[in-house]
Amino acid sequence: MSADWRMPMHREGLRVVLRILQEAIWSMRNSDEFVGPLTALTDGMQSLRIPYQHIGIYQVDEADASPTAHGQFLLRQGDWERALAGHDRDAALACWREGRLSYLENVPLDAPGLAATLEIRFGSTIQSLVEVPFANGVLAVASEHVAAFSGRDVEILRDLADALVPLFRRMEDLRKLEAAMQQVARAQRLELVGELAAGHAHEANNCLTIILGQCQLLLLDELDAVTRDSLERVLRATEAATGIMARQLDLARGREGEKTIIDVNELVSESLALVQRQFLKENVEIVDDLSPLLLRVRGNSGQLQQILINLVQNSHDALLVSGGGQMTIRTALQDQQILIEVVDNGPGIPEPLRERGFEPFFTTKGHGKGTGLGLSVCRSIAEAHAGQLYARRRAEGSCVVLELPASDQAALTAYN
């Protein structure tokens, strides 16, 4: 290390540069605002008189089972840009794994592959290259001159590379925050849609009530057989539509904490009635295998119906991936616990995802098709009812189980 590096003036200059860099990092408001901090980095290097001409920063991702270097940041003609990692990413990853600073003072132009790789990466012939590994990647500073960097320059680059760690942590935190905010916004939109749907169902129910009343009045008159038959068809269809609207309103109006004794088989039948007609059009067959016992639980019918419809919908979506299939909803009493199983012969749940599916904001559905909140909310509802919600291992297809404590009446009926 040269003597001038030990002078207070140089140490103070580095402290100023590091402070400005940290301020730029903390001023970031989204994960794409990397230009500000990296510009502060290059401005600081200029003020410290480091004779760089090209800079590249490889970002190492440790989230995978094996660390990878997918992306990089390059300084091109004075502007920072993000790009995919080049074909020299393996060399950068090797430097990161070794954890040791590398300084090539004189890159041999006839070195097999190295000179050409650097020229492709930086766009010119490179003669000096300093590569500094840090926690999140590798900082590479290059020059077109031989032995361009002094010992002082190399030590400064080591400190500047360490100062990039908060940048990548900040970017990751902002990415997570943005993802969470998007999921919350989507969940809020879904809640709003649910409220609007409940209002529309109420209005539609009013219209159906008028049709129902008029049909009943007309049927009191003397009518020919054809007219009477037509009116009776209209009456039955209107009654069916009224029942659908009533079930939708019951689901939407589930009140927190309002618990009653619920017939589980009846709850399952009502839930399936909401979705069965649509599923048949999509080659998804629903089979109910309900226990002959009188199964009762104490709970909130709207909340438990929310769980059932969510499980059925998830199974339906999985079956559509394979072009259709069969879903079975089964009820049973086992050790004073009432089990409601939703079983399908679809693609199944991969073992690593069997438990992760219940984590908030985790989804395997495509963009815009899922919030990742459904199963998490359902598990919370189940636990609030002193129950459990879990996925069972299966060789084929999937099986999700809602387990609830039986009410005293259910247990007594079963033993009688």
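Quick caveat: nothing in here was measured; it's all calculated off a predicted structure.
Side chain of S128 to main chain of A148: a donor-acceptor pair is present (N/O by atom type, distance under 3.5 Å, no hydrogens or angles). The main-chain N or O of I309 is never found under 3.5 Å from a side-chain atom of S271 such that the two would form a donor-acceptor pair. At least one donor-acceptor pair under 3.5 Å links the side chain of T209 to the backbone N or O of N205.
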Exercise. Please step through side chain to side chain contact (heavy atoms under 4.5 Å, CB included) for the pair L212 and L235, ending with a clear verdict.
Key: CA-CA 6 Å; L212 192 65; L235 181 64; 3.2 Å; yes

Exercise. Please assess I262 against N300 for the test side chain to side chain contact (heavy atoms under 4.5 Å, CB included), listing each intermediate value before the final yes or no.
Key: CA-CA 8 Å; I262 300 169; N300 180 288; 5.9 Å; no

Exercise. Go through the steps to decide whether F168 and I57 satisfy the test side chain to side chain contact (heavy atoms under 4.5 Å, CB included), and finish with yes or no.
Key: CA-CA 11 Å; F168 288 97; I57 304 173; 3.8 Å; yes

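With a 6.0 Å radius and a threshold of 12 heavy atoms from other residues, nucleotides or ligands, R97 has its CZ atom above the threshold.
A search for side chain to side chain donor-acceptor pair (under 3.5 Å) contacts involving T328 returns nothing, not counting sequence neighbours. Not a single side chain to side chain donor-acceptor pair (under 3.5 Å) links H385 to another residue, sequence neighbours left out.
Between the side chains of E144 and T125, no donor-acceptor pair of N or O atoms lies under 3.5 Å. Using modelled atom types, one finds no donor on one side chain facing an acceptor on the other under 3.5 Å when comparing N310 with Q306.
Remark: E172 engages R175 in a salt bridge, criterion side-chain N to carboxylate O under 4.0 Å. Under 4.0 Å is where a charged nitrogen must lie from a carboxylate oxygen, and between R158 and E155 at least one such pair does.
Residue pairs meeting the salt bridge (Lys or Arg N to Asp or Glu O under 4.0 Å) criterion with at least one member in residues 26-48, sequence neighbours excluded, are D32-R82.
When all heavy atoms of V297 and P405 are compared, the pair lying nearest together is CG1-O, 3.6 Å.
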